[in-house]
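First the structure, in the form of structure tokens, and then the observations on it.
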Amino acid sequence: MYNIKKMYNAETISDAVKFLTDNEDAKIIAGGSDVLIELRHGKLPNATLLNIRDIKEMQGIELINEDIIIKPLSTFTEIAENQIIQERIPMLAEAVNTVGGPQVRNIGTIGGNICNGITSADSASTLFTLDAELEITGPDGTRNIHIKDFYIWVAEVDLKQGELLTKIIIKKESYENYFGHYYKYAKRNAMDIAIQGCAVNCKLSDDKTKLENVRIGFGVGGPIPLRCFETENKAKGKLINNELIDEIGKSVLEEVNPRTSWKATKEFRLHLAQELSKRVLREAIERAGGHIND
Amino acid sequence: MSFSVVGKDIKKVDGIAKAKGVARYIGDIEFPGMLYAKILRSPHPHAKVLSVDISEAEKLDGVHAIVTPEHQPKTRYNMAGFPPNAEEFPLIEDQLILTDHPMYVGDPICAVAADTEEIAENACKLIKVEYEILPHVIFAEDAMKEDAPKLREEGNVMFEAPIKFGDIDAAFAESALIVKESYSTQKVYQATIEPTSGCVAMWDDSGKLTVYSPTQMPHLARKIIGTALDMRLGDIRLIKPHVGGGFGARLGLVIEPLTALLAKHAGRPVKLIYTREEAMAFSEHRHPCKMDMELGFTKEGRITGMRFTNIVEGGAYATHTPSIAGIVGPWAFGMYKMQAVDYLGKAVLTNSMYNGAYRGYGNPQASWAIENTMDIAAEKLGIDDLEIRKINGFGDDDIWPWSQLPVESSGLNECIDKGAESIGWHEKRGKKLGTSTKPRGIGMAVSCHVSGAKPGLLEISGAYVKINEDGTANLIIGNADIGQGSTTALAQICAEELGVKFEDIIVETDAVDTNYTLFDIGSHASRQMNSGGNVVAKAAREAKGKMLEEAAVMLDVKAGDLDAKDGIIFVKDNPTKSLTYGEVSFEAHFKPEGTQIFGTSSENPEGNPPVYAAQFAEVEVDTETGVVSVIKFVAAHDTGVVINPLNTTGQIDGGAHHGIGFALTEESVVNPETGLLENRDLANYKILTAMDMPEVVSIAVETPAKTSSHGQKSVGESGLIATAPAISNAVYNAIGVRITDLPITPDKVLAALAKK
């Protein structure tokens with residue numbers, strides 16, 4: 001049933017990097033909630049697996065000079081229950097709590113969620129709106145990139161031969177005074193994949209009447225998670241009112257590019273993009289202490 | 001009447017074994033030397049097999065047998081488990097075990113038995129099959145077009161079921177209102193927790209076949225296996241292990257003849273277990289129906305007549321489809337009195353995996369059409385929804401047109417009243433509920449169902465009760481407990497009638513064996529409490545009578561002076577004068593010329609009392625996203641006398657779960673180009689999770705049946721029948737638009753709102 005040729009248990013990052021460098025076809029396994037399903041469906045015949053679960057350096061959530069460092073082996077449950085996350089970026093806890101069910105959240109890792117390269121990943125759009133930085137470690141050392149540059153295409157991320165994701169960094173300036181919300185639209189309230197996910201993170205002016213900054217992210221808004229930068233720029237500094245929210249709802253339609261599948265039509269997903277962005281933005285503004293005037 | 005065991009909350013006899021994981025299901029059954037099988041299936045929805053080359057596959061290490069269409073008997077059979085009196089629904093025998101003319105994606109071409117599943121699967125990949133691809137058609141409406149590919153000489157409509165009575169034109173002419181609407185229901189999956197299907201088959205030296213099959217109908221399954229393999233029934237022994245849910249998915253055969261054929265060729269036991277994906281893609285789902293209904297009313301709201309046409313999408317083989325085409329109409333006119341009916345059901349062949357039985361057997365489709373129509377009519381006539389249903393319902397003394405047998409007792413009005421009170425109908429209906437973007441509404445629908453299939457189908461059940469020498473009793477029944485708890489409830493009836501404690505009844509749910517049990521039609525048509533209850537009660541009464549006679553001799557009284565309770569046989573006038581069941585049975589066994597005391601019964605039940613239900617839903621509609629959420633659900637069911645309240649509630653709750661999924665999220669999506677089921681796993685097929693279920697209030701209304709052993713009727717299927725229209729009517733109440741094609745999905749709600 002599980003057609004595995006070889007499995008290697010790495011104990012350190014450098015150990016893992018070496019194995020990945022030496023084994024071009026190696027597949028990284030952490031929680032296994034995606035990889036085991038692929039194996040069972042015969043999509044990874046004769047697999048060479050690199051198990052990274054035991055790498056201590058890749059576990060835990062830390063605060064360094066108020067920058068939040070999430071190690072990629074953190075499970076969804078660990079993130080949702082972590083005090084650093086709950087106090088500083090509760091929207092991420094909210095987002096990862098929408099993944100699957102309790103059992104999946106107990107084994108699934110945030111690193112796997114991102115590196116899988118799937119547009120519906122519940123953590124991804126939120127991390128986009130937190131301007132998350134990813135530390136990638138490879139044979140030549142480490143490099144840091146913005147999460148939006150990490151995603152290349154469906155199931156394709158910027159990991160070169162020998163590289164793996166080693167840190168998710170959310171800088172203090174990216175989250176301080178920001179308030180956000182993630183909404184997962186799916187057919188069920190558990191054990192489901194998003195038809196669309198929308199994350200909005202915003203910072204209001206001191207008097208709470210203007211949007212000083214807003215970041216809007218989508219899962220399943222296109223082939224990979226995305227940010228609506230043009231809409232964000234247009235909204236910057238604007239007075240908060242219903243008109244602005246409607247404008248933003250319309251504007252995101254220029255930036256998302258969903259497709260028709262048997263699960264939902266493009267038209268329906270576009271409708272959702274408009275409604276969800278408005279709904280999530282309202283919630284984010286309210287969480288930030290703002291008030292939406294008619 | 002007061003009972004001492006009937007009506008008590010007794011836990012399922014196999015509950016602990018199942019909870020602990022030690023209950024053996026088909027997947028757990030192992031034998032020395034057993035092989036594992038995989039099927040090579042057609043990748044095309046319609047094709048001719050030009051050649052099959054198994055030479056490479058045969059060479060693979062660990063392969064022990066490969067069967068191809070050449071290796072099979074040429075007898076055609078029908079998978080559906082019908083007794084031989086199914087005159088009204090012709091049993092079209094159109095299937096072979098393997099085919100060289102695949103009619104759907106998945107039609108078995110060859111099968112392999114090997115040392116492991118993996119080897120069998122690899123061997124399947126090495127079999128070379130050359131196909132001539134033929135034009136295909138997936139949907140019934142396309143299959144009925146003139147230029148559609150012809151799947152049979154006789155055409156794609158395999159069966160027509162016209163049912164007429166009264167003068168429909170006259171009825172409509174005198175109607176104050178005629179409501180005309182078109183409806184459709186989708187293909188849906190039963191979602192048994194244990195995937196359908198699996199089988200273990202083996203042959204002994206004398207040519208006798210033993211089959212382990214998780215079937216709903218052990219005796220009828222044996223009969224179809226006999227037909228498919230051209231064998232004497234007596235040479236086939238079928239054993240039903242624990243089964244993880246049926247819901248109709250095991251109403252007949254799934255893969256038993258193929259497993260047996262492989263075992264014969266391999267000369268060793270063979271096990272064939274479907275993966276969840278195979279179970280979803282290659283076993284029977286509920287028939288999609290396209291229905292046009294016209295219902296006439298007097299201005300007082302009395303139904304005058306019904307014109308009803310129904311196109312049933314059957315899939316590639318007949319199985320249950322002619323029967324479904326025939327029964328949808330009667331479900332509709334079985335709900336309400338009407339003078340005239342003109343119904344036409346058409347069973348249509350297509351190139352998709354065939355559809356079959358699923359809880360309710362055509363009734364959810366009928367209910368969807370008639371209960372939406374009733375809601376429309378009530379509004380147009382200005383009559384309360386509850387009232388219009390009461391006006392048209394059947395009374396205790398009516399003959400029920402579905403069965404032509406007496407209604408016996410109707411709890412419909414009580415169900416309506418109790419359900420309405422629980423949901424707060426009178427306080428909420430007609431009021432604006434919820435907010436402007438999240439309006440709420442309440443709606444209701446009613447349903448009828450059967451307590452068996454009489455007289456359309458034979459109803460024979462059999463029970464055998466033997467009293468052991470210590471006074472315990474074995475209840476041996478040939479019916480299939482498939483998880484619903486029927487055996488526990490039948491053991492309660494047995495204990496009640498014997499006058500012993502429940503713990504003194506020994507009964508097995510995991511070893512129904514056709515060699516040692518009396519014939520039973522099976523677990524279908526919600527019949528076990530009525531038909532099974534009848535024979536269990538009679539067998540127990542016979543055994544008890546003999547026990548009292550034995551005791552009478554021992555106590556020197558007349559048998560008529562005695563009774564039994566809790567395992568004590570006592571003189572009615574002087575209860576201290578008594579013997580235990582153990583003392584009496586011991587004496588019966590071991591006195592000179594001793595004999596074991598037993599009772600048997602094998603017969604059809606006297607009646608088929610209909611059951612009624614009224615279900616109520618409060619929904620909230622998100623008008624921006626189109627999402628419908630059920631906030632509260634009330635299901636009031638006339639079950640007759642409740643034998644086991646725990647199980648009864650479980651059946652009603654489970655029915656609501658099936659029904660709400662049918663209404664809102666579940667749909668088996670077949671791709672018209674490839675012919676394959678798109679959502680063939682439980683991630684993509686949306687049965688509701690615990691997080692999705694609303695509060696469900698289940699109410700049992702115990703209106704006693706006149707003909708059953710203890711006044712019981714049924715509750716197995718009825719739970720989901722009124723559910724979808726109750727929700728639809730609540731959605732209409734909330735937003736003023738009606739979705740007539742199931743399921744009620746957000747995109748349909750948004751489109752309907754945009755048109756409003």
Side-chain angles (χ1 to χ4, degrees), chain A residues 1-4 33-34 37-43 45-46 97-105 118 120 183-198 242 245-246 249 258 260-282, chain B residues 36 38 116-122 124-125 273 275-278 437-438 622-630 660-661 664-674 676-694 743-751 753-754:
Chain A
M1 196 153 120
Y2 297 111
N3 187 358
I4 300 166
S33 59
D34 288 314
I37 291 169
E38 285 180 48
L39 274 168
R40 184 177 168 274
H41 285 173
K43 287 177 185 160
N46 225 5
N97 248 336
T98 69
V99 174
Q103 295 90 337
V104 175
R105 293 196 290 271
I118 300 299
S120 55
Y183 187 95
K184 174 179 185 166
Y185 183 96
K187 289 191 179 175
R188 289 193 287 227
N189 293 321
M191 300 310 291
D192 213 347
I193 308 286
I195 299 274
Q196 197 161 74
C198 179
N242 274 321
I245 290 179
D246 285 343
T260 290
S261 75
W262 65 266
K263 294 174 188 176
T265 62
K266 176 177 178 161
E267 291 68 31
F268 181 65
R269 287 191 217 258
L270 285 172
H271 175 87
L272 280 183
Q274 185 172 356
E275 288 304 331
L276 297 192
S277 56
K278 285 158 64 176
R279 184 171 291 196
V280 179
L281 176 61
R282 277 174 193 280
Chain B
Y36 300 84
K38 280 284 173 190
T116 66
E117 271 192 0
E118 200 178 353
I119 296 170
E121 196 160 356
N122 288 336
C124 284
K125 287 178 192 151
I273 303 285
T275 62
R276 174 66 71 180
E277 290 81 356
E278 278 180 298
T437 55
K438 286 188 173 172
D622 186 328
T623 56
E624 289 169 347
T625 60
V627 172
V628 174
S629 309
V630 179
I660 297 170
L664 299 177
T665 57
E666 296 187 37
E667 182 165 24
S668 310
V669 181
V670 181
N671 183 316
E673 262 76 56
T674 62
L676 188 62
L677 185 69
E678 295 275 19
N679 45 350
R680 50 190 185 278
D681 57 45
L682 293 175
N684 287 300
Y685 184 88
K686 309 293 180 181
I687 59 169
L688 300 177
T689 68
M691 299 289 287
D692 300 292
M693 280 300 285
I744 306 168
T745 54
D747 54 330
K748 290 178 195 170
V749 170
L750 289 176
L753 280 170

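Every chain is numbered from 1 and lettered A, B, ... according to where its sequence line falls, protein lines coming before strand lines.
- Across A:R279 and B:E624, no two heavy atoms sit closer than the pair NH2-OE1, 2.8 Å.
- When heavy atoms are compared at a cutoff of 4.5 Å, A:K263 approaches chain B solely by way of its side chain, counted from C-beta outward.
- Interface remark: B:E121 contributes no atoms to any contact with chain A (heavy atom separation under 4.5 Å).
- A 4.5 Å side-chain heavy-atom check between B:E277 and A:H41 finds at least one atom pair inside the cut-off.
- For chain A, the nearby parts of B:I687 are the backbone and the side chain; heavy atoms of each come within less than 4.5 Å.
- Distance check: B:T689 OG1 to A:M191 CE gives 8.5 Å after rounding to the nearest 0.5 Å.
- The candidate from B:T625, B:T275, B:T665, B:V669 with the greatest count of non-hydrogen atom pairs under 4.5 Å with chain A is B:T625.
- With sequence neighbours excluded, the residues satisfying side chain to side chain contact (heavy atoms under 4.5 Å, CB included) with A:N189 are B:M691, B:D692.
- Interatomic distance, CG of B:D622 versus OH of A:Y185, reported as 8.0 Å (0.5 Å rounding).
- B:N671 places none of its side-chain heavy atoms less than 4.5 Å from the side chain of A:W262.
- Taking NZ of A:K187 as the reference point, atom CG of B:N684 lies at 9.0 Å (rounded to 0.5 Å).
- Of all the listed residues (A:L276, A:I193, A:D192), the one sharing the greatest number of non-hydrogen pairs under 4.5 Å with chain B is A:D192.
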